[in-house]
Amino acid sequence: MNDLDDDLKLDLTPMIDVIFMLIIFFIMTMSFVMPVINVDLPTSSTANTEAQKTSLVVAISKNGELSYQGEMTTKDKLETILKDGKYQEIVVHSDKDAPVQAMVDVADLSREYVKGELRLVVNKQ
């Protein structure tokens, strides 16, 4: 009978593997809730954020003509518009074949009136 008892051994390794897999599964599918801390931050009326930026939108045609709000304009008219200081940046929609001098003129205005804040959008059509 001793020989028979020695041959009967129960291997627990597969059961332990299954238990570890279940533990890993439950840990991975648990949802952890982070503590929420409500903080009342002070606000500033003079903060310059992207949402508060006002943009002067200018278009440059293939011929180098400037337009503002759908109407043809000149560099001098844009300069008078920018003198009041309500714009923080200039957005230029330019044709891909527009002359460089028109872009340089608008860049000069941006350097002088909006601290060089200039965004260029080139129309490739």
Side-chain angles (χ1 to χ4, degrees):
M1 232 202 221
N2 273 343
D3 289 336
L4 190 60
D5 286 339
D6 289 339
D7 290 338
L8 293 174
K9 290 184 179 179
L10 186 61
D11 188 18
L12 295 177
T13 305
M15 188 177 71
I16 292 172
D17 287 345
V18 169
I19 290 173
F20 278 127
M21 292 300 283
L22 286 173
I23 289 172
I24 291 172
F25 172 77
F26 287 120
I27 288 175
M28 295 296 286
T29 58
M30 268 174 65
S31 62
F32 295 100
V33 178
M34 299 295 289
V36 177
I37 300 172
N38 292 329
V39 179
D40 292 326
L41 297 174
T43 59
S44 172
S45 61
T46 60
N48 188 10
T49 62
E50 288 295 321
Q52 294 175 340
K53 269 191 176 178
T54 53
S55 303
L56 175 75
V57 180
V58 178
I60 301 176
S61 70
K62 186 186 298 186
N63 303 337
E65 299 168 335
L66 300 173
S67 64
Y68 168 68
Q69 293 182 344
E71 296 180 12
M72 300 307 270
T73 187
T74 63
K75 179 183 173 185
D76 295 332
K77 288 181 184 177
L78 286 177
E79 190 170 3
T80 42
I81 292 169
L82 287 167
K83 280 184 181 176
D84 66 1
K86 72 177 185 177
Y87 295 105
Q88 284 87 29
E89 71 176 351
I90 298 176
V91 178
V92 179
H93 291 271
S94 176
D95 190 271
K96 69 175 182 151
D97 297 325
V100 177
Q101 184 60 49
M103 183 61 214
V104 170
D105 291 342
V106 176
D108 286 341
L109 290 175
S110 77
R111 193 175 319 122
E112 188 172 344
Y113 294 103
V114 293
K115 301 176 188 168
E117 295 286 327
L118 179 69
R119 208 170 348 148
L120 177 63
V121 180
V122 178
N123 298 329
K124 295 181 180 180
Q125 298 175 0

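All values below were derived from every heavy atom in this structure, side-chain atoms included, with hydrogens, water molecules and symmetry-related copies excluded. Computed from a prediction, not measured in an experiment: that's the story for all the values here.
Closest non-hydrogen pair, Gly64 versus Ala102, comes out as O-CB, 3.8 Å. Val114 approaches Tyr87 most closely through the heavy-atom pair CG1-O, 3.3 Å.
Atom CD1 of Ile27 is separated from atom CG of Leu22 by 11.0 Å, given to the nearest 0.5 angstrom. Note that CZ of Arg119 and CD1 of Ile90 are 11.5 Å apart. Values are rounded to the nearest 0.5 Å. Taken to the nearest 0.5 Å, the NZ atom of Lys75 stands 9.5 Å off from the CG atom of Leu66. Here the straight-line distance linking atom CG of Leu56 with atom CD of Gln88 works out to 11.0 Å at 0.5 Å rounding. To the nearest 0.5 Å, the span separating CG on Asp95 from CD1 on Ile60 amounts to 9.5 Å.
When Thr73, Val57, Thr74 are each tested for a side chain to side chain contact (heavy atoms under 4.5 Å, CB included) with Tyr68, only one passes: Thr73.
Listed by first then second residue, pairs satisfying side-chain hydrogen bond (donor to acceptor under 3.5 Å, both in side chains) with a partner in residues 105-114 read Glu79-Tyr113, Gln101-Asp105, Asp108-Arg111, not counting sequence neighbours.
Defined by atom type and a distance below 3.5 Å, a donor-acceptor pair is missing between the side-chain atoms of Asn63 and Ser61.
Each of Leu109 and Met72 belongs to its own hydrophobic cluster when Ile, Leu, Val, Met, Phe, Trp and Tyr are linked at side-chain heavy-atom distances under 4.5 angstrom. At a threshold of 4.5 Å between side-chain heavy atoms, the hydrophobic network of Ile, Leu, Val, Met, Phe, Trp and Tyr places Leu12 and Met21 in two separate groups. Under the 4.5 Å side-chain heavy-atom criterion for ILVMFWY residues, no single connected hydrophobic cluster contains both Val122 and Val104.
Cluster partners of Met28 are Ile24, counting Ile, Leu, Val, Met, Phe, Trp and Tyr whose side-chain heavy atoms approach within less than 4.5 Å, directly or via other members.
When the side-chain contact (heavy atoms from CB on, under 4.5 Å) test is applied to Val121, the partners found at least two apart in sequence or on another chain are Val91, His93, Asn123.
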